[in-house]
Each structure stands twice: as C-alpha cells, then as structure tokens.
Peer 1: 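Before anything else, here's the structure in question.
Predicted model only: the values in this text are computed from it and were never measured. Throughout, protein chains are lettered first and strands after them, A, B, ... in sequence-line order, and every chain is numbered starting at 1.
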There are 2 protein chains.
Amino acid sequence: MDEKDIQILKSIEELETTSTDAVSEATGIPISTVHYRLNNLREAGVITNDRLDIDLDELGLDITVLVEVFTKNEQNHRKSGPKIADIEGVTKVFFTMGETDFMALARLPSSESVERLISDFEALEDVSRTNSTFVISRELDSHYPLQQYTAETLVEELAE
Amino acid sequence: MDEKDIQILKSIEELETTSTDAVSEATGIPISTVHYRLNNLREAGVITNDRLDIDLDELGLDITVLVEVFTKNEQNHRKSGPKIADIEGVTKVFFTMGETDFMALARLPSSESVERLISDFEALEDVSRTNSTFVISRELDSHYPLQQYTAETLVEELAE
DNA sequence: CGTGAAATCGGAAGGTC
DNA sequence: GACCTTCCGATTTCACG
C-alpha cells in the first residue's frame with residue numbers, strides 16, 4: 001500500500017466507475033499499471049469483487065464509531081448537517097426524530113484519529129454535546145441492501 | 001419496475017459484479033434484455049453509475065430507521081447478532097460498547113413495514129427492549145468512505 | 001516491478017421476430 | 001418488448017526495460 005495504490009482506490013470511488021481507462025486518465029498512471037496494481041490489491045484482499053469494493057478493515061480503516069449529536073438550536077439543523085458531513089472520516093449523517101438531533105457514523109484508522117474526530121464535532125458552533133459509541137464488532141455491514149430482502153418481498157412491495 | 005427488473009438488480013448485488021453475462025446466466029434472462037433493462041433503469045435514475053449502484057429512494061426503500069437493541073443476557077450477544085442480522089430490511093448491525101447492546105440500521109418501503117420490523121425485533125428471545133428512531137433526512141449517506149478523506153490524510157495514515 | 005504493444009474478450013448497437 | 005448477430009472498444013496478457 002503506497003501513494004499510487006491510494007490514488008487508484010480513491011479514483012475508483014470518486015469516478016464511480018470500474019474502468020481502468022478513467023482511473024488512468026484521472027491519476028496519470030498508465031492503464032496497464034493500474035491494472036497491475038488492482039490485481040495486487042485484489043490478491044491482498046483489499047479489493048473484494050468485480051465492482052471493486054474495498055475492504056476497509058484490510059485497508060486500515062478498521063475502527064467504527066457512532067456519534068450522537070445534540071445541537072443548540074434545532075432550527076439550524078440545515079446548517080449543521082453539511083458541517084458534520086464535512087468532518088474527515090464521517091460516512092453517514094442522519095437527521096433524526098426524537099432526543100438526538102443527528103446520528104453520525106465514522107470509519108477511522110487509529111485511536112488518535114478518534115480523539116481528533118470528537119474534537120472536530122465539539123468544535124462546531126451549533127453542537128452542544130456529543131455522545132460517542134465504539135463499535136466492538138460489525139455483525140452485519142451490508143453494502144447491498146437488496147440482499148436483506150427475499151425476492152418475493154421486493155416484488156410484493158416494489159413492483160408496479 | 002417489475003419482477004424482471006428486481007431479479008436483475010438483486011443479481012447484480014448478489015453476484016457482486018457488473019457483468020451482464022453473469023446476471024443473464026443467474027436469472028435466465030437473455031444478455032441483451034438485461035442490457036436493455038439496465039439502460040431503462042439508468043434513465044429512470046434507479047441505477048446511478050458505472051458500478052451499478054442502486055438509488056434506494058428511487059427504488060422505493062425510502063424509509064430509514066435506527067434501532068437500539070437491549071438484550072437480556074449480555075453474554076449471548078454472539079447468538080443474538082446473527083438473528084438480528086436476519087431480520088428483513090436490516091442492513092447493518094453493530095455490537096457496541098456502552099448501554100446499548102446493538103445498533104441496527106434498516107431500509108424499508110412503507111410505514112407498515114416499520115411495524116413489521118419492530119415486531120420482528122421484539123419477537124427475538126434475547127431482546128428485552130428496543131428503541132427506534134426515524135431518520136428524517138440523510139444528510140450524508142456515502143457508500144464511498146475514501147471520499148470522506150483527503151488523499152493526504154489517507155497516505156499519511158495508511159501508506160507503508 | 002513498471003510499462004508499451006499485441007491479442008483476446010466482453011459489451012454495445014441495429015435489425016428481426 | 002425480447003432476442004440474435006455483428007462489430008467495436010476495453011481489458012488482459014506478454015515481453016521487454
């Protein structure tokens with residue numbers, strides 16, 4: 001894992017494509033080299049399938065944290081949402097009903113980065129309080145929501 | 001959106017590939033028909049990119065619910081985890097530190113299905129209590145975690 | 001190990017049922 | 001709308017630096 005690998009992986013996500021061409025053009029790395037690197041990443045277990053999905057544990061982003069966010073002015077949530085979403089490592093931000101104003105999910109590489117994350121939250125003007133929860137194990141972390149349904153249910157609920 | 005569309009979409013996720021061949025073989029739907037259908041789904045906005053990611057809102061799974069789960073015997077969480085993960089619609093299950101034992105995330109098509117979800121949770125033997133939270137809006141729902149980092153940070157944290 | 005050029009494979013487009 | 005066939009472009013492989 002070096003800078004080129006990271007450039008390639010990030011480009012794949014950014015461009016939302018599996019095309020080696022597009023990645024090559026965006027990074028300036030020759031097509032055949034992109035291909036060669038991707039093969040290595042595949043063998044190393046970082047890339048897991050034909051859709052070039054990344055195994056975050058293998059990559060090193062193996063810490064998962066849930067952060068409940070309480071804001072000062074509930075009216076301003078439209079302002080706070082984007083700010084929370086901008087914090088490095090945050091992958092999901094939900095504006096919720098009930099006590100908590102926002103629920104955020106983050107993926108992090110180290111314990112130090114958790115401290116950094118929390119202080120980034122606390123530094124936001126509208127945030128009054130946060131409550132962080134470490135995830136011990138991810139029992140299920142599906143990126144493929146349809147797999148959690150039987151075909152029958154999907155047809156029943158969604159077919160027109 | 002009909003049964004064939006759903007079969008195709010589900011197969012793409014299941015096989016973890018973007019290959020029309022593989023989908024054709026798995027579903028029994030001819031290659032060119034798969035291709036034709038995918039084009040339509042693309043135009044309809046259900047499929048959003050070259051990686052054939054699905055827009056769950058367009059598909060109709062537009063409700064997001066967070067469920068906190070409290071269990072009776074904390075020792076048994078290894079047994080409970082898979083059971084929770086089996087509930088239809090649940091996409092993520094995290095075993096967490098602190099008060100709550102599990103945090104689950106679900107994607108659902110209708111208000112009725114929310115009721116069904118909660119009763120599925122309550123029906124589990126080891127579950128003592130649940131606390132459900134509706135997500136009003138998803139401020140950020142990235143499927144591409146690396147986008148939440150700058151290239152510099154990633155290199156710094158992950159490069160060897 | 002990284003790269004350019006040749007070979008191979010798979011998807012895209014158009015016509016037909 | 002579903003399907004077959006032709007064609008073209010992309011991916012992969014190979015040989016060399």
Peer 1: Rounded to whole Å, how long is the line connecting atom CD of B/E3 with atom P of D/dG1?
Peer 2: 18 Å
Peer 1: Within the structure, does a side-chain N or O atom of A/T33 lie under 4.0 Å from either OP1 or OP2 of C/dG2?
Peer 2: no
Peer 1: How is A/S32 classified with respect to the nucleic acid when contacts are heavy atoms under 4.0 Å: base, sugar-phosphate, or nothing?
Peer 2: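 Here A/S32 touches the bases of the nucleic acid.
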Peer 1: Let me know the distance between CG of B/D50 and P of D/dT11, rounded to the nearest Å.
Peer 2: 10 Å
Peer 1: Can a side-chain donor-acceptor contact be found between B/E157 and A/S113 if the only test is distance below 3.5 angstrom?
Peer 2: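 Side-chain D/A pair, A/S113 to B/E157: absent.
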Peer 1: Please check if the side chain of B/E16 supplies one atom and the backbone of A/N49 the other of a donor-acceptor pair under 3.5 Å.
Peer 2: no
Peer 1: Give a yes/no answer on whether the side chain of B/Y36 brings an N or O atom under 4.0 Å of OP1 or OP2 in D/dG1.
Peer 2: yes
Peer 1: Tell me: CG of A/D21 to P of D/dT12, nearest whole Å?
Peer 2: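 After rounding, the reported distance stands at 11 Å.
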Peer 1: Is it true that A/D50 and B/R51 have a side-chain N and a carboxylate O under 4.0 angstrom from each other?
Peer 2: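 No.
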Peer 1: Atom CZ of B/R37 to atom C1' of D/dG1: distance rounded to whole Å?
Peer 2: 8 Å
Peer 1: Evaluate the side-chain proximity of B/Y149 to A/L108: yes if any heavy-atom separation is below 4.5 Å, no if none is.
Peer 2: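 Side chain of A/L108 against side chain of B/Y149, heavy atoms only: contact under 4.5 Å found.
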Peer 1: Whole angstrom is fine here: how far is it from CD1 in B/I8 over to C1' in C/dG11?
Peer 2: 15 Å
Peer 1: How sharply is the helix from C/dC1-D/dG17 to C/dC17-D/dG1 bent, taking the axes over five pairs at either end and rounding to 10 degrees?
Peer 2: 30°
Peer 1: Could you check how far CG of B/D5 sits from C1' of D/dA2, rounded to whole Å?
Peer 2: 13 Å
Peer 1: Whether B/K4 contacts D/dA2 is assessed here as follows: a side-chain N or O lying under 4.0 Å from the phosphate OP1 or OP2. Is that the case?
Peer 2: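 So the side chain of B/K4 is within the cut-off, an N or O lying under 4.0 Å from OP1 or OP2 of D/dA2.
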Peer 1: Should B/H35 be listed as having a side-chain N or O under 4.0 Å from OP1 or OP2 of C/dA12?
Peer 2: yes
Peer 1: What is the distance from CG of B/L38 to C1' of C/dG10, rounded to the nearest Å?
Peer 2: 15 Å
Peer 1: Using atom types as modelled and distance alone, determine if a side-chain donor or acceptor of A/R107 lies under 3.5 Å from a backbone N or O of A/L61.
Peer 2: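 Such a contact is found between A/R107 side chain and A/L61 backbone.
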Peer 1: Tell me: CG of B/N40 to P of D/dG1, nearest whole Å?
Peer 2: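 After rounding, the reported distance stands at 7 Å.
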Peer 1: What's the shortest heavy-atom distance between B/K92 and A/S142, and which atoms?
Peer 2: NZ-O, 3.3 Å
Peer 1: What pair of heavy atoms forms the shortest contact from A/D21 to A/I31, and how long is it?
Peer 2: OD1-CD1, 3.5 Å
